[in-house]
Visitor: 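Quick one: the structure is below, questions incoming.
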Amino acid sequence: MLVHTLKSFLSNQLTIKQAKQIHAQILISSLNHLQPLFVHRFLLSTSNYSTIAYLYVQQILYHLQKPDAFSWGCTVRFLSQHGQFEEAFSLYVKMQKLGLYPTTHAISSALRSCARTGGKMGGISIHAQVHRYGVCNCVFVQTALVDLYTKLADMDTAKRVFDEMPEKNVVSWNSILSGHLKAGNLLEARRVLDEIPKKNAISWNTILSGYAKMGNMDQMLLFFQQMPEKNLASWNTLISGYVEHGEIESARSFFDMMHQRNNVTWIIMIAGYSKCGDVKSARELFDKMRKKDLLAFNAMISCYAQNSQAKEALKLFDEMLTAGVGIQPDGVTLASVISACSQLGELRFGSWIESYINKLGIQMDDHMATALIDLYAKCGNIDKAYSLFHGLRKKDVVAYSAMILGCAINGKAVDAITLFQRMVDAHIQPNLATFSGLLTAYNHTGLVEEGYQCFNSMKDNGVVPSTDHYAIMVGLLGRAGRLEDAYKLIKSMPMKPHTGVWGALLLACSLHDNVEFGEIAAQHCFELEPGTAGYYSLLANIYASVGRWSDATRLRKNMERKKLAKVPGCSWTESA
DNA sequence: CTAGGGTTAG
């Protein structure tokens with residue numbers, strides 16, 4: 001009976017709130033009789049559980065009686081194996097504060113957690129403790145240390161620990177191998193590979209992923225063909241290599257060739273199609289998956305959000321929640337969902353999402369926070385955006401760009417420029433999106449010369465302006481009445497201008513009643529988007545404002561003949 | 001217990 005209760009507790013996907021309720025029930029019920037050790041054994045044999053639920057069991061154990069070092073060790077290992085690295089580490093620290101002598105299981109798992117999260121301070125302090133406890137002779141602990149230092153990109157220390165190991169196994173060798181590849185030293189890695197006494201598939205795959213990341217596809221394929229031992233991960237590494245370097249067709253042909261695939265395989269392909277904008281192919285593969293997991297949904301939802309199909313993203317998210325799929329979203333899901341809401345200007349959804357995050361007990365991470373910064377800024381709540389920005393653990397180029405654009409569209413050009421300066425001081429390389437925000441700031445305030453300077457400085461930063469950047473510049477020059485300069489800029493474009501560019505010029509011409517460039521701009525807009533009535537109206541207005549009534553009438557008649565109705569005004573701040 | 005292949009925001 002007790003076991004049954006526990007089992008249903010663990011196999012359900014629980015929210016924090018539900019888990020808390022059950023937690024309380026268990027505390028006052030008969031589960032008090034269960035021995036911690038028994039519960040741990042049971043947990044380790046169960047494969048279908050929710051990690052959140054496990055955390056609560058751990059707390060329950062703590063309430064029942066003082067758990068021993070073994071129980072703590074099991075818990076740390078469990079969390080580390082389920083991706084809950086921060087929790088694993090903090091549990092390890094707690095265990096030590098209680099004066100318990102950590103097991104090698106606990107130490108190696110805690111080290112693994114630090115390695116995965118890049119927890120440098122934590123990892124090094126565990127290393128120091130290991131010295132004190134004198135458990136340095138355990139292969140698992142030493143290998144975990146080697147891996148920690150390779151992941152921290154400290155190859156000198158990694159090598160020192162490795163060389164001092166009295167006993168090494170394949171895992172130790174593979175760790176040092178991946179360290180050399182992380183340092184970009186493929187030759188050294190190949191040399192080490194020959195030294196490994198008993199190589200396994202992972203050894204080969206590690207080198208293969210090295211070739212994949214170097215970008216030499218021919219060498220990668222050659223190595224793959226020569227590998228004496230291949231498994232599913234080898235194939236996945238191969239197609240992931242092609243995807244990363246934009247060769248989606250090659251990836252697909254190997255995908256089709258595979259006699260066996262797993263979710264990793266499918267997700268690599270879905271993400272690959274997403275990156276090159278082929279939403280249709282991505283969805284086709286997604287539909288063919290038989291057991292879609294959380295990461296598959298995340299990949300597909302992100303695919304929609306990143307390819308401007310926000311409504312589809314929200315639709316799929318809704319399906320995930322309601323259609324009995326039985327998968328709980330995580331922070332990754334929500335980051336994409338927030339992005340979709342932002343594209344739709346859906347503040348209502350945004351605040352709903354925030355309460356949803358609280359309900360599920362999902363930890364706010366930088367990805368989600370950055371998405372929220374963008375959402376709040378676009379809805380005019382710049383203060384909220386700022387406070388989220390200041391709360392970020394690491395401010396990277398994406399966060400800065402979101403904040404800069406946020407300031408720009410809220411008329412805070414000075415703030416945007418200050419942020420950009422701070423970003424440069426922090427040695428963060430600006431990219432295309434950063435400059436979109438910055439140029440928008442200049443555009444908003446009409447600072448033509450400064451904007452021009454900024455635009456020209458892009459190439460000094462190794463960034464080539466995109467069509468969108470030209471569009472903003474045309475808008476900036478045009479609004480200032482410098483229509484000829486704007487036209488010259490368009491003529492100098494190395495790529496074909498889209499309607500955003502010509503439309504910006506047309507709009508500027510209607511602002512300044514300029515027929516000469518207005519006609520040229522309108523002509524291009526008509527060709528590119530013959531079905532959009534707005535361009536005809538703009539040109540007709542220009543004609544009318546300079547008294548060329550017959551031309552205006554001719555254009556309006558032309559519109560009627562083409563059955564172009566005026567598109568009703570639509571604003572992104574308005575909910576659909 | 002320690003190693004390779006999957007999703008994340010502008």
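Proteins get letters first, then strands, A, B, ... in listed order; numbering begins at 1 in each.
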Visitor: For DNA chain B, determine which residues of residues 177-191 of chain A have any heavy atom closer than 4.0 angstrom to one of its atoms, and list them numerically.
Guide: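 Residues of residues 177-191 of chain A that come under 4.0 Å of DNA chain B do not exist, since none gets that close.
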
Visitor: Report which part of the nucleic acid A/N200 touches: base, sugar-phosphate, or nothing (heavy-atom distance under 4.0 Å, all strands).
Guide: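 It contacts base atoms.
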
Visitor: Ignoring hydrogens, what is the shortest heavy-atom contact between A/V325 and A/E319? Give both atom names and the distance.
Guide: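 What the structure gives for the nearest pair is CG2-O, 3.5 Å.
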
Visitor: Among residues 231-248 of chain A, which residues get a heavy atom nearer than 4.0 Å to DNA chain B?
Guide: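 Contacting residues: A/N231, A/L232, A/A233, A/N236, A/T237, A/S240.
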
Visitor: With heavy atoms of chain A within less than 4.0 Å as the criterion, where does contact along DNA chain B begin and end?
Guide: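 The contact span of chain A on DNA chain B goes from B/dC1 to B/dG10.
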
Visitor: Using a strict threshold of under 4.0 Å (side-chain N to carboxylate O), is an ion pair present between A/E164 and A/K159?
Guide: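 Result for this pair is no, no salt bridge flagged.
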
Visitor: Only pairs at least two apart or in different chains count here, so list each salt bridge (charged side-chain N to carboxylate O under 4.0 Å, His left out) that has a residue in residues 287-310 of chain A.
Guide: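 Listed by first then second residue: A/R283-A/D287.
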
Visitor: Can A/D194 and A/R190 be counted as an ion pair, charged N to O under 4.0 angstrom?
Guide: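 Judged by the 4.0 Å cut-off on N to carboxylate O distance, A/D194 and A/R190 do not form a salt bridge.
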
Visitor: Once side-chain hydrogen bond (donor to acceptor under 3.5 Å, both in side chains) is applied, what residue pairs with a partner in residues 393-404 of chain A remain, sequence neighbours excluded?
Guide: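 Applying side-chain hydrogen bond (donor to acceptor under 3.5 Å, both in side chains) to every pair that reaches into residues 393-404 of chain A, excluding sequence neighbours, yields A/S401-A/T434.
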
Visitor: State which residues pass side chain to side chain donor-acceptor pair (under 3.5 Å) with A/S339; sequence neighbours excluded, sorted by chain then number.
Guide: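 A/S339: side chain to side chain donor-acceptor pair (under 3.5 Å) contacts with A/Q343.
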
Visitor: For A/Q96, what residues pass the side chain to side chain donor-acceptor pair (under 3.5 Å) criterion, not counting sequence neighbours?
Guide: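 Expected list: A/Q129, A/Y133.
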
Visitor: Within residues 255-267 of chain A, which residues have any heavy atom lying less than 4.0 Å from an atom of DNA chain B?
Guide: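 Listed by number, they are A/N262, A/N263, A/V264, A/I267.
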
Visitor: Does A/S281 reach the main-chain N or O of A/D278 with its side chain, forming a donor-acceptor pair under 3.5 Å?
Guide: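 Side chain of A/S281 to backbone of A/D278: no pair is present.
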
Visitor: Taking A/I338's backbone N and O only, do any of them form a donor-acceptor pair with A/S342's side chain (distance below 3.5 Å, no angle check)?
Guide: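 Not a single qualifying donor-acceptor pair exists.
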
Visitor: Just by distance, do the side chain of A/H390 and the backbone of A/S387 share a donor-acceptor pair under 3.5 Å?
Guide: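 No; zero donor-acceptor contacts below 3.5 Å.
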
Visitor: Could you check whether A/K199 gets within reach of a base, just the sugar-phosphate, or nothing at all, counting any heavy atom under 4.0 Å?
Guide: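 Contact class for A/K199: none.
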
Visitor: I need the full list of ring pair (Phe, Tyr, Trp, His ring centres under 6.0 Å) pairs touching residues 282-306 of chain A, with sequence neighbours left out, sorted by first then second residue.
Guide: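 Pairs touching residues 282-306 of chain A that pass the test: A/F286-A/F297.
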
Visitor: What parts of residues 287-309 of chain A reach DNA chain B, counting only heavy atoms under 4.0 Å away?
Guide: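 When residues 287-309 of chain A is checked for heavy atoms under 4.0 Å from DNA chain B, the hits, listed by number, are A/D293, A/L295, A/N298, A/A299, A/S302, A/Q306.
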
Visitor: I'd like to check the side chain to side chain donor-acceptor pair (under 3.5 Å) partners of A/E195; sequence neighbours left out, ordered by chain and number.
Guide: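 Residues passing side chain to side chain donor-acceptor pair (under 3.5 Å) with A/E195: A/R191.
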
Visitor: Taking side chain to side chain contact (heavy atoms under 4.5 Å, CB included) as the test, write out the residues that go with A/S113, two or more places apart.
Guide: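 Scan of A/S113 (side chain to side chain contact (heavy atoms under 4.5 Å, CB included), adjacent residues dropped) gives A/S80, A/F85, A/A88.
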
